[in-house]
Amino acid sequence: MPENDVRILSVSSPAEFDAFIELPYELYRDDPYWVPPLRREQRKLLDANRHPFYDHGAAELLLARDSRDKIVGRIAAIHNQLYLDVHDEPTGFFGFFESVNDPSVASALFGAAGRWLASRGLKSMLGPVQYSLNDECGLLVDGFEGSPYVLMLYNPPFYPDLYEAAGLTKAKDMLAYWGDRSTIDANAAQFNRWRRVAKRAQQRHGIRTRVADMSSFVREVETIKVIYNQAWTENWGFVPLTDGEIDLLASDLKLIIDPELVVFAYSGEEPIGVFIALPDYNQVLRHMDGRLWPFGILKLLWYRRKIDRLRSLALGIVGEWQKRGVAPILMMEAYDRARRRGYKEGEMSWVLEDNHLMNNAIENLGFDLYKRYRLYEQAL
């Protein structure tokens, strides 16, 4: 449709907020790979009165209507003040983009998001992100077969064309790798080499490991926060987690975490690294249609017993320990525990495309690069 037939409006009423939430459930209704998130969690994520992002940031939720007044797209323009404070560059963000397959709708949405960001003094925009790179982010550009793993985004194959037709260009790619037990068995020699490296590092540096203690969950969260805000500080796009954000993340993950798959490394009493893998609860959510009630809770109880895959979510090692063999220690410990607990396959994601050390290590272990996500940027 002509772009002047597309009307963009800011979400300003409960009905419009509901429409913003509901649009993807309509657009993806017949997509066999999309995993519908819980509506209650989406409402909490987007509610400025409930989500801790809004303690230091702002977002404008926008809807697109066509000439028949039907909602055909959505986007959020995101002003992350903490990112500006850390990076001292006038970059805004966009996220939560959904659209019908129509370049005029996408262009109108990106244009409106850009104008809102520009009105706040920002000179470029980056996305898609859900507030920051600490959250779900990246547009799927390769590897559309199969459902995403937990906390990874999904979109139809025509979205990259919509982005590029609207003038957005690649900023950075993030990579996802896949492997199963046969992958690991076929690369036993490389795994054994990593085990030898891990053993030598533990002996040389006196490194000890332990798994998460759910009876001291608050303490564990604090330890992860300390490691995270040291280990990732030099990463591209890094923004430190605030107390409110990590507390919210922890409360959400507490419901799905397997403590055997959260492995800490210590030098004496000092935490120096953590590896976190999550059971893939998308294997459960895909059966729930985004609702807990009335039958979703029963499906949750039934299908969570069948989870047999996991996602390696995070590997963080504080700076001075990053080249002392801590990564093999954590990864081998987590792998052995995952195998004993019956997990059959997994994804390692995401890894920045220019993190050559980590990408080479994962590929040497036999994992396949099978999905590629992209962050796009545009000058305003």
Check: Q283 side chain, D308 main-chain N or O, donor-acceptor pair, under 3.5 Å
yes
For S147 and Y33, indicate whether the former's side chain and the latter's backbone hold a donor-acceptor pair under 3.5 Å.
yes
In this structure, would [X] and [Y] fall into the same cluster of hydrophobic residues linked by side-chain contacts under 4.5 Å?
X	Y	result
L117	L9	yes
L375	V239	yes
L153	L27	no
V351	L357	no

Can you spot which of M174, M152, K371 makes a side-chain contact (heavy atoms from CB on, under 4.5 Å) with S349?
M152
Reference residue W350; test side-chain contact (heavy atoms from CB on, under 4.5 Å); the match among L175, L151, L133, N355:
L133
Side chain to side chain donor-acceptor pair (under 3.5 Å) for E145 and Y370? Distances and angles first, verdict last.
CA-CA 9 Å; E145 301 78 18; Y370 85 123; over 6 Å; no
Before giving the answer on salt bridge (Lys or Arg N to Asp or Glu O under 4.0 Å), spell out for D69 and R7 the whole-Å C-alpha distance, their side-chain angles and the decisive distance to 0.1 Å.
CA-CA 8 Å; D69 209 35; R7 184 164 57 94; 2.5 Å; yes
Does a donor on one side chain and an acceptor on the other come within less than 3.5 Å for E345 and Y149?
yes
Donor-acceptor side-chain pairing of S182 and D185 below 3.5 angstrom
no
Aromatic ring proximity, centroids under 6.0 angstrom, [Y] and [X]:
X	Y	value
H205	W321	yes
F110	F97	yes
F96	Y131	yes

Does the pair H51 and Q130 meet the rule for a side chain to side chain donor-acceptor pair (under 3.5 Å), with working shown?
CA-CA 12 Å; H51 197 282; Q130 293 184 355; over 6 Å; no
Working note: E245 + T242, criterion side chain to side chain donor-acceptor pair (under 3.5 Å); need CA distance, chi angles, decisive distance, verdict.
CA-CA 5 Å; E245 288 169 337; T242 67; 3.3 Å; yes
N/O donor-acceptor pairs under 3.5 Å from side chains in residues 253-263, not counting sequence neighbours:
residue : atom : partner : partner atom : Å
D258    : OD1  : E260    : N            : 3.0
D258    : OD1  : R341    : NE           : 3.3
D258    : OD1  : R341    : NH2          : 3.4
D258    : OD2  : R341    : NE           : 2.8
D258    : OD2  : Y343    : OH           : 3.0
E260    : OE1  : R337    : NH1          : 2.4

Show the numbers, then the answer: is there a side chain to side chain donor-acceptor pair (under 3.5 Å) between Q378 and Y163?
CA-CA 10 Å; Q378 187 175 55; Y163 275 54; over 6 Å; no
